[in-house]
There are 2 protein chains.
Amino acid sequence: MKQIPANFSRPDTKERLLDAAERLFASDGFQGTSLRQLTAEAKANLAAVNYHFGSKEALLAAVFERRLLPLNELRSRNLQQLRLGAERPTSRQVLQAFVEPTLAFRDRDPGAEAFVRLVGRAIADPDDTLRKIFMRLMEPIFLLLYETLAEALPQLSRSDLFWRLHFALGALSHTMCLAGRFQIVPPGVTPAADAASLTSQVLDFLTAGMEASCS
Amino acid sequence: MKQIPANFSRPDTKERLLDAAERLFASDGFQGTSLRQLTAEAKANLAAVNYHFGSKEALLAAVFERRLLPLNELRSRNLQQLRLGAERPTSRQVLQAFVEPTLAFRDRDPGAEAFVRLVGRAIADPDDTLRKIFMRLMEPIFLLLYETLAEALPQLSRSDLFWRLHFALGALSHTMCLAGRFQIVPPGVTPAADAASLTSQVLDFLTAGMEASCS
DNA sequence: GTCTATAGATTGATAGAC
DNA sequence: GTCTATCAATCTATAGAC
């Protein structure tokens with residue numbers, strides 16, 4: 001039972017720490033962010049992280065859990081609904097069930113945008129701390145996505161499906177991580193990155209890749 | 001004019017530092033690797049990095065340059081050759097000209113495998129140090145790849161092409177970064193990761209994605 | 001070129017007053 | 001719960017002997 005804070009407009013310290021952490025971990029990395037930076041950004045005391053979470057690493061885990069548990073719950077409902085439908089789902093529907101919640105959620109609130117970049121980073125990061133925490137939370141939904149795609153694409157061998165899902169998650173994580181922060185843009189191109197057009201662009205690409213015939 | 005070392009079988013200190021750096025930066029990250037670890041791994045003195053390279057950051061730049069300059073030279077020759085051919089190249093040929101050197105080179109020597117993972121990481125890493133050094137070296141070849149793909153896919157708008165290339169590079173970097181080190185493997189799948197089959201798998205996927213019709 | 005020793009700054013974490 | 005003060009460890013980088 002949480003106490004109602006005296007000042008309604010200001011999130012309590014614990015939440016401010018989570019907000020600052022997802023912002024800084026996303027832009028400077030986990031190892032690249034010191035607790036001094038972090039607590040300053042959150043307008044909290046240096047000792048606050050250890051008081052509320054126990055350690056820097058436990059703070060990172062809390063950052064992931066706060067957003068990922070409800071997001072994966074939504075993805076899971078979407079995928080289960082497709083599996084229970086009367087007709088076999090198309091591969092595009094399956095991919096959409098997984099992708100759409102991410103990009104829609106990214107545009108809903110500004111903190112979520114940083115979080116999505118943090119996730120994009122966590123997938124590629126070789127650092128054990130970051131990746132292990134993330135993978136533990138993602139494993140069930142990855143396996144569910146794999147199984148649902150297998151039903152949508154029965155002609156594909158399990159091994160081919162595995163690789164293609166691997167490629168697709170790479171394209172997705174790269175997009176989530178870097179969308180709107182391009183390093184290199186060819187002259188004359190002004191890429192739009194709103195959720196709706198980005199979703200349909202990425203689904204066109206991924207669906208065609210998943211359904212490609214094998215050479 | 002380099003001196004021939006007294007002991008022929010052992011690379012000199014500078015090269016051992018580069019080898020150790022690409023191995024450790026790939027597995028623990030740039031910020032996650034200390035000069036103490038690094039010089040211990042290279043069996044060199046703690047002061048050796050600063051003597052030979054001037055700073056930790058300059059060592060990172062040297063790690064990239066050693067491998068990336070010849071690799072991009074090869075990619076560039078491949079792409080230019082396609083552009084000068086009599087017929088318009090297919091999108092698969094263009095992608096292959098870029099991808100094949102990477103994966104072939106990865107299997108040639110064991111250090112290169114670590115380097116390829118480091119590159120996969122550099123693309124997604126928000127850390128300025130890592131990314132800026134990398135992007136400076138990659139910008140010319142990215143733009144050449146973009147232009148060559150535009151010739152192979154004239155029906156695609158420049159903006160759509162940009163996004164799809166973005167997705168493709170994401171899939172590639174993810175594959176290079178994680179191939180052989182999967183976190184999650186569904187039961188019954190034993191993915192093979194030799195260069196030849198991986199190349200054809202990834203080209204099937206990327207070519208179909210690039211050529212997909214727009215929804 | 002390689003080494004020891006160390007400067008100078010920063011880190012995550014904690015003890016204890018309030 | 002929040003604060004100050006501080007510990008013990010670690011870091012990059014450098015000075016200077018050999």
Side-chain angles (χ1 to χ4, degrees), chain A residues 1-25 27-64 125 127-130 132-133, chain B residues 1-25 27-64 125 127-130 132-133:
Chain A
M1 295 305 117
K2 214 193 283 182
Q3 290 295 319
I4 295 173
N7 181 343
F8 288 86
S9 67
R10 195 191 198 209
D12 60 12
T13 300
K14 197 166 175 177
E15 210 159 335
R16 292 202 317 279
L17 288 172
L18 287 168
D19 291 339
E22 78 182 349
R23 206 161 38 240
L24 289 175
F25 290 164
S27 64
D28 301 341
F30 176 68
Q31 289 166 330
T33 303
S34 73
L35 292 183
R36 284 171 170 79
Q37 268 182 278
L38 203 157
T39 49
E41 170 101 357
K43 297 188 200 311
N45 188 271
L46 171 60
V49 166
N50 279 278
Y51 175 77
H52 285 283
F53 298 95
S55 72
K56 187 187 181 187
E57 190 168 326
L59 168 61
L60 176 64
V63 166
F64 276 121
D125 201 314
D127 176 54
D128 274 350
T129 312
L130 195 60
K132 275 185 181 165
I133 291 172
Chain B
M1 294 307 116
K2 214 193 280 184
Q3 291 294 319
I4 294 173
N7 181 342
F8 286 88
S9 68
R10 195 189 198 210
D12 61 11
T13 300
K14 196 165 177 177
E15 209 158 335
R16 291 203 317 279
L17 287 172
L18 288 168
D19 291 340
E22 79 183 348
R23 203 159 40 238
L24 289 175
F25 289 164
S27 64
D28 301 341
F30 176 68
Q31 289 166 330
T33 303
S34 74
L35 293 183
R36 281 173 168 77
Q37 271 181 276
L38 203 157
T39 49
E41 171 102 358
K43 298 188 199 310
N45 188 271
L46 171 59
V49 166
N50 279 279
Y51 175 76
H52 285 283
F53 298 94
S55 72
K56 186 187 181 186
E57 191 168 327
L59 169 61
L60 176 64
V63 166
F64 276 120
D125 202 310
D127 176 52
D128 275 350
T129 312
L130 195 60
K132 276 184 181 166
I133 290 172

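Values below: all heavy atoms of this structure, side chains included; hydrogens, waters and symmetry mates excluded. A note on names: the letters A, B, ... follow the listed sequences, proteins ahead of strands, and every chain is numbered from 1.
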How close or far is atom P of D/dA13 from atom CG of B/L38, stated in whole angstroms?
12 Å
Using modelled atom types only, decide if a donor and an acceptor are shared between the side chain of A/K56 and the backbone of A/T33 within a distance under 3.5 Å.
yes
Contacts of A/E41 meeting side-chain contact (heavy atoms from CB on, under 4.5 Å) (sequence neighbours excluded), chain-then-number -> A/A20, A/R23, A/L24
Let me confirm one number: the CG-NE2 distance from A/L18 to A/H52, rounded to the nearest 0.5 Å.
10.0 Å
Aromatic A/Y51 / basic A/K14 pairing, under 6.0 angstrom, 45° off normal
no
Going by the rule side-chain contact (heavy atoms from CB on, under 4.5 Å), which residues pair with B/T39 if we only count those two or more places apart in sequence or in a different chain?
B/L17, B/L46, B/V49
Could you pull out all residues at least two apart from B/D19 that satisfy salt bridge (Lys or Arg N to Asp or Glu O under 4.0 Å)?
B/R66
With the sugar-phosphate defined as primed atoms, P, OP1 and OP2, and the base as all remaining atoms, what B/S/- string results for nucleotides 9-15 of chain C, 5' to 3', for protein heavy atoms under 4.0 Å?
--BBBB-
Nearest-0.5 Å distance, CD of residue A/E57 to CD1 of residue A/I133
5.0 Å
Whole-Å distance separating the CG atom of B/N45 from the P atom of D/dA17:
16 Å
Watson-Crick or G-U stems of DNA chain D, 3 or more pairs, under 3.5 Å, by first number:
C:1-18 with D:1-18
Sequence neighbours left out, what passes side chain to side chain donor-acceptor pair (under 3.5 Å) with B/N50? Give chain and number order.
none
